[in-house]
Amino acid sequence: MNVFLTGATGYIGSYIAHGLWKTGAERLTLLVRAKSREEAARRLWGSMQLHMPFEEFHEFLNTRTDILRGDLTDRDFGAPAEDVKAAARRITSVIHCAASLNRKSNKACFNVNLRGTLEVLKLARAAADHHGLRRFSDISTVAVAGERQNECVSEDNTIDWNRSDYDPYARTKKFCEHMVHELLPDSPITIFRPATVLGDSRFPETTQFDMVRAFVFLASLPVLPFDENWRMDIVPADYVGRAIVTIHQQDKPAHGAYNLSAGEGSPAYRQIMDRMIEAGFERRPRFIPSSLPLFRRTVEGLSSSPRAWGVAPMASLLKVFLPYLSYNTVFDNQRVSRELGGSPRPFQDYAYPLFRFAREGGFKYPYKPWPEGVREFGGR
Ligand SMILES: NC(=O)c1ccc[n+]([C@@H]2O[C@H](COP(=O)([O-])OP(=O)(O)OC[C@H]3O[C@@H](n4cnc5c(N)ncnc54)[C@H](OP(=O)(O)O)[C@@H]3O)[C@@H](O)[C@H]2O)c1
């Protein structure tokens with residue numbers, strides 16, 4: 001088995017690569033943006049050190065990994081034709097995880113998500129034509145469900161082409177799912193739709209801070225423009241990674257699509273704050289949902305304020321996340337819970353350690369450098 005995986009230098013992709021290395025897949029072919037194989041190795045060490053010590057990573061890199069250097073936005077990844085051909089001949093399945101999550105940019109989402117997925121599909125098609133493809137797994141998102149309010153959305157009623165989307169990210173990811181089905185009609189396909197992925201339920205460290213920043217900022221406000229009973233569907237990255245790795249490797253998964261979510265077990269904002277306070281958080285915010293329109297206008301205004309004021313980045317972040325924070329919608333997780341024998345650990349159980357790690361570390365992961373004197377490939 002040789003799994004072609006995109007996005008291994010990113011947050012969720014690192015969980016998938018780690019899970020595949022640890023459990024089954026004989027080899028991985030990783031698409032990595034880099035100028036050289038050495039740079040690719042070092043970039044992978046950046047994302048993988050959350051999961052394993054250097055020695056173990058180096059061993060996996062050298063014994064179980066092929067690297068295809070390339071960019072999703074270039075035709076055939078901008079890689080030499082013989083490298084792409086060789087990859088098509090050896091890969092037996094595909095997990096496409098790379099994407100642009102830049103909700104503000106039509107251009108980034110169009111290029112990375114749409115053109116990029118098309119390039120991955122071309123490679124998958126070539127492998128399918130050459131020797132058959134065991135599975136194509138597309139890491140999508142629950143955001144493809146479009147605008148919602150007060151719902152529990154199941155996999156079968158997620159895609160509704162008559163519904164508006166919140167942003168270009170959601171719109172392009174929805175079309176990616178469509179492309180996968182249209183262009184690989186004869187291959188087994190699994191669509192995974194994670195909810196908001198925030199931290200790891202086993203340890204406080206994370207390498208991804210976008211949503212964590214918004215969480216820390218909101219938790220520190222004296223007033224929140226939400227109803228305390230609204231729920232937020234948050235799922236830890238370890239559960240998401242385990243679900244993708246487990247289901248991707250099955251011969252015949254029971255379903256074609258899986259929400260990777262907390263579903264009906266999602267906590268209300270009040271529950272999250274109660275547990276944060278129990279764990280040591282200093283202050284309980286007041287929940288005033290009637291302030292939401294004013295909050296939205298303020299955030300919109302500040303998102304285009306002069307750079308020197310220093311508030312535009314946080315306001316822009318809140319502006320893009322606000323629809324997802326206020327739609328009080330969760331995503332049914334019975335399918336994945338059955339496959340994994342349980343639901344994800346609830347966010348309130350590990351929210352405070354994540355909060356402290358992010359705030360005390362200045363929203364930075366303490367990256368370890370590549371050890372001196374160790375060659376990227378081959379022995380010491
Ligand atoms: N995080 C969430 O809350 C969440 C929720 C639902 C669904 N998802 C889905 O999960 C997947 C992974 O998300 P993530 O949070 O792990 O994102 P991430 O940390 O930003 O990682 C994105 C990955 O995509 C790669 N990538 C981006 N543009 C590329 C390009 N032009 N060519 C090649 N590779 C490119 C990045 O490579 P570089 O390192 O080179 O930039 C990185 O490896 C995405 O499909 C996303 O839609 C995420």
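Only heavy atoms go into these numbers, but all of them, side chains included; no hydrogens, no water, no symmetry mates. Order of appearance sets the numbers: ligands from 1, and atoms from 1 within every ligand.
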Task: contact_flag Ala237 ligand 1 heavy-atom lt 4.0 Å - done: no
Task: Test item: side-chain donor near acceptor, Tyr365 and Glu205, under 3.5 Å - done: no
Open item on the list: Using a 3.5 Å cut-off on N or O atoms only, is Val197 in polar contact with ligand 1?
Closed with: yes
Task: Residue pair Glu151 / Thr329, side-chain donor-acceptor N/O under 3.5 Å - done: no
TODO: Report, in ascending order of atom number, the atoms of ligand 1 lying under 4.0 Å from any heavy atom of Pro194.
DONE: 6 (C), 7 (C)
Task: ligand 1 versus Ala143: contacting region, heavy-atom distance under 4.0 Å - done: neither
Task: Criterion ring-ring contact (aromatic ring centres under 6.0 Å, His included) on Phe287 and Trp230, from CA distance to verdict - done: CA-CA 10 Å; Phe287 288 93; Trp230 286 349; 9.3 Å; no
Open item on the list: Is the contact between Arg193 and ligand 1 made by the side chain, the backbone, both, or neither, using heavy atoms and a 4.0 Å cut-off?
Closed with: neither
Open item on the list: Show the atoms of ligand 1 that are less than 4.0 angstrom away from any heavy atom in Ala195.
Closed with: 5 (C), 6 (C)
Open item on the list: Among Asp74, Asp71, Asn111, Asp210, which one puts a heavy atom closest to atom 30 (C) of ligand 1?
Closed with: Asp71
Open item on the list: Below 4.0 Å from ligand 1: does a non-hydrogen atom of Ala34 turn up there or not?
Closed with: no
Task: From Ser14, Gly7, Ala99 - option closest to atom 22 (C) of ligand 1 by heavy atom - done: Ala99
- [ ] May I ask you to list the atoms of ligand 1 that are less than 4.0 angstrom from any heavy atom of Thr73?
- [x] 31 (N)
- [ ] Identify, for atom 37 (O) of ligand 1, the protein heavy atom at the shortest distance, and state residue, atom and that distance.
- [x] Thr9 OG1, 3.2 Å
Task: Student check: side-chain heavy atoms of Lys22 and Met52 closer than 4.5 Å - done: no
Open item on the list: Within a 6.0 Å radius of atom CD on Glu26, are there more than 12 heavy atoms belonging to other residues, nucleotides or ligands?
Closed with: no
TODO: Examine His178 together with Phe175 and report whether their ring centres are nearer than 6.0 Å.
DONE: yes
Open item on the list: Test of understanding: given a 4.0 Å heavy-atom threshold, classify the contact between Lys173 and ligand 1 as side chain, backbone, both, or neither.
Closed with: side chain
Open item on the list: Would you compute the distance between atom CD of Glu56 and atom CE of Met48 and round it to the nearest 0.5 angstrom?
Closed with: 9.0 Å
Open item on the list: Is the distance between the ring centroids of Phe215 and Phe347 under 6.0 Å?
Closed with: yes
Task: Distance-only polar pair, side chains of His51 and Ser14, donor-acceptor under 3.5 Å - done: yes
TODO: Using distance alone, with no hydrogens and no angle criterion, decide if Asn229 and Arg270 have a side-chain donor and acceptor under 3.5 Å apart.
DONE: yes
Open item on the list: So, regarding Tyr11 and ligand 1 (criterion: nitrogen or oxygen to nitrogen or oxygen, under 3.5 Å), is there a contact or not?
Closed with: yes
TODO: Report yes or no: does a heavy atom of Cys97 sit under 4.0 Å from some atom of ligand 1?
DONE: yes
TODO: Give the atoms of ligand 1, by number and element, whose distance to some non-hydrogen atom of Ser140 is under 4.0 Å.
DONE: 7 (C), 8 (N), 9 (C)
Open item on the list: For atom 41 (O) of ligand 1, what's the nearest protein heavy-atom neighbour? Residue, atom name and distance, please.
Closed with: Arg33 NH2, 2.8 Å
Task: Nearest non-hydrogen partners of Leu322 and Ser326, listed with the distance - done: O-OG, 2.8 Å
Open item on the list: Polar contacts were defined as any N/O atom of the residue lying under 3.5 Å from an N/O atom of the ligand; does this apply to Val112 and ligand 1?
Closed with: no
Task: Any side-chain heavy-atom pair of Tyr169 and Val320 under 4.5 Å - done: no
Open item on the list: Below 4.0 Å from ligand 1: does a non-hydrogen atom of Phe77 turn up there or not?
Closed with: no
TODO: Verify whether one side chain among Thr73 and Asp71 offers a donor that lies under 3.5 Å from an acceptor in the other.
DONE: yes
Open item on the list: Below a 4.0 angstrom heavy-atom separation, can you tell me which part of Val142, side chain or backbone, both or neither, approaches ligand 1?
Closed with: neither
Open item on the list: Given Glu376, which partner from the list His58, Arg42, Arg37 fulfils the side chain to side chain contact (heavy atoms under 4.5 Å, CB included) test?
Closed with: Arg42
Open item on the list: If you take the nearest heavy atom of each of Thr141, Leu30, Ile12, which one is closest to atom 48 (C) of ligand 1?
Closed with: Ile12
Task: Thr172 and its side chain to side chain donor-acceptor pair (under 3.5 Å) partner, picked from Asn113, Asp167, Thr117, Asn106 - done: Asn113
Task: Nearest protein heavy atom with distance in Å, relative to atom 32 (N) of ligand 1 - done: Leu72 N, 2.8 Å
- [ ] Look at atom 20 (O) of ligand 1 and say which protein heavy atom is nearest, naming residue and atom and giving the distance to 0.1 Å.
- [x] Leu101 CD1, 3.9 Å
TODO: Please confirm whether Thr6 comes under 4.0 Å of ligand 1, counting heavy atoms of the residue only.
DONE: no
TODO: Describe, in one word, how the ring planes of Phe77 and Phe4 are oriented to each other, choosing from parallel (under 30°), tilted (30 to 60°) and perpendicular (over 60°).
DONE: tilted
Task: Nearest neighbour of atom 8 (N) of ligand 1 from the list Phe192, Tyr324, Tyr169, on a heavy-atom basis - done: Tyr169
Task: Non-hydrogen atom of Arg43 closer than 4.0 Å to ligand 1 - done: yes
Task: Nearest non-hydrogen protein atom, atom 25 (C) of ligand 1 - done: Ala98 CB, 3.6 Å
Open item on the list: Looking at non-hydrogen atoms alone, which of Gly10, Ala17, Ala8 comes nearest to atom 21 (O) of ligand 1?
Closed with: Gly10
- [ ] For atom 1 (N) of ligand 1, grab the closest protein heavy atom and report residue, atom and distance to one decimal in Å.
- [x] Gln208 OE1, 3.6 Å
